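Side-chain atoms are counted along with the backbone in the values below, which use heavy atoms only and exclude waters and symmetry mates. Below, read A as the first sequence line, B as the second, and so on, with proteins coming before strands; counting in each chain starts at 1. Computed from a predicted structure; not experimentally measured.
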Protein chains: 2
Amino acid sequence: MSKLNDNTLAYVADYFKALAEPTRLKMLNALQDGEKNVGQLTEVSGCSQANVSKHLSLLAQYGLVKRESRGTSVFYSIADPSVYKLCELVCDQVVNRLIQEADVKKLFMVG
Amino acid sequence: MSKLNDNTLAYVADYFKALAEPTRLKMLNALQDGEKNVGQLTEVSGCSQANVSKHLSLLAQYGLVKRESRGTSVFYSIADPSVYKLCELVCDQVVNRLIQEADVKKLFMVG
DNA sequence: TGACTATATAACTACATAGTAATATAGTGC
DNA sequence: GCACTATATTACTATGTAGTTATATAGTCA
């Protein structure tokens, strides 16, 4: 990573930005067990159809999902499953942090 | 990841958000070879001291860096080196994508 | 063709945040 | 105490974007 120029850093930051949104994570999460169309993703996410459509086009733009229209539906699927590795790593981080905070809290409650 | 509730998703999204900023990536990058104080990070990032300080407090808040003040200086260091794994994964993704785009471009230029 | 359904887009509002300039805080040494 | 340096914070502006509503586009079937 030490040789990254500003341009590449901007790309990487954009990639992270695509993941930095609960609704988009929820949709990626839903796509783990295979492709879904916009209607299904709208249902899963609990957002408006317009909003889902916008999120999906952003995810597609950054290469996180693939788009395929069949009939009147458009199906989206994960472009590269390695995105889940990222999420796992972050989940571990977050969980560890929460545990750590819980421990500290316990420490204070005892003392 | 399939069992994540909305609360946890928000945490994960926040973690990604902390990484979704070129300046912060640059600072994390600079911390790869050990701790640095705010002055050094200001120099590396090319931002104002106030701005660097804000970014650092955000990174500390999300548990990405550790803070230790010694004398009049405050030294920051990486809290968990696994953050670099994340960056590597994303870099690979980004690079692959750029290569793919370059190939497509070449295809069009030839044809 | 026209009615119907699925998806995308445009215009807009509200909110978050990156960056700046000025100021506050805190440690060091006289 | 005072001057000096390093870092943090405050108030502010400008920009980006999540979400909404309304509308446009495109495919299907009668």
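- Near-neighbour residues of DNA chain D inside residues 61-69 of chain A, defined by a heavy atom below 4.0 Å, are absent.
- Between B:C87 and A:F16, some side-chain heavy-atom pair lies under the 4.5 Å cut-off.
- Proximity of A:Y76 to A:V52: side-chain heavy atoms (C-beta onward) are nowhere separated by under 4.5 Å.
- Within a heavy-atom distance below 4.0 Å of DNA chain D, the residues of residues 16-23 of chain A found are A:K17, A:E21, A:T23.
- One can place CZ of B:R70 at 12 Å from P of C:dT28, the figure rounded to the nearest angstrom.
- B:I78 and B:V38 fall within a single hydrophobic cluster, where Ile, Leu, Val, Met, Phe, Trp and Tyr side chains are chained together by heavy-atom contacts under 4.5 Å.
- Sorted by residue number, the members of residues 46-60 of chain B with any non-hydrogen atom under 4.0 Å from DNA chain D read B:Q49, B:A50, B:S53.
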Please determine whether side-chain contact (heavy atoms from CB on, under 4.5 Å) holds for the pair A:V90 and B:Y11, giving the CA-CA distance in whole Å, both sets of side-chain angles, and the decisive distance to 0.1 Å. CA-CA 9 Å; A:V90 171; B:Y11 267 94; over 6 Å; no
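- In terms of the side-chain hydrogen bond (donor to acceptor under 3.5 Å, both in side chains) criterion, B:Q49 has no residue partners (sequence neighbours excluded).
- Note on A:L86: it clusters hydrophobically with A:Y84, by side-chain heavy-atom contacts below 4.5 Å among ILVMFWY residues.
- Between A:F75 and A:L31 the shortest side-chain heavy-atom distance does not fall below 4.5 Å.
- Among the heavy atoms of the strands, none lies under 4.0 Å from B:F75.
- Side chains of A:S82 and B:Q93: a donor-acceptor N/O pair is present below 3.5 angstrom, by distance only.
- Between B:V12 and A:C91, the closest heavy-atom pair is CG2-SG, 3.9 Å.
- Extent of DNA chain D lying under 4.0 Å from chain A heavy atoms, first and last nucleotide in 5' to 3' order, is D:dT17 to D:dT28.
- A salt bridge is defined here as a Lys NZ or Arg NE, NH1 or NH2 lying under 4.0 Å from an Asp or Glu carboxylate O, and B:E68 with B:R70 meets this definition.
- With hydrophobic clusters built from ILVMFWY side chains whose heavy atoms lie under 4.5 angstrom apart, B:V95 does not share a cluster with A:V83.
- Residues B:V65 and B:L28 form a side-chain contact, since some pair of their non-hydrogen atoms from C-beta on lies under 4.5 Å apart.
- Here A:S69 pairs with A:R67, A:V74 under the side-chain contact (heavy atoms from CB on, under 4.5 Å) rule; sequence neighbours left out.
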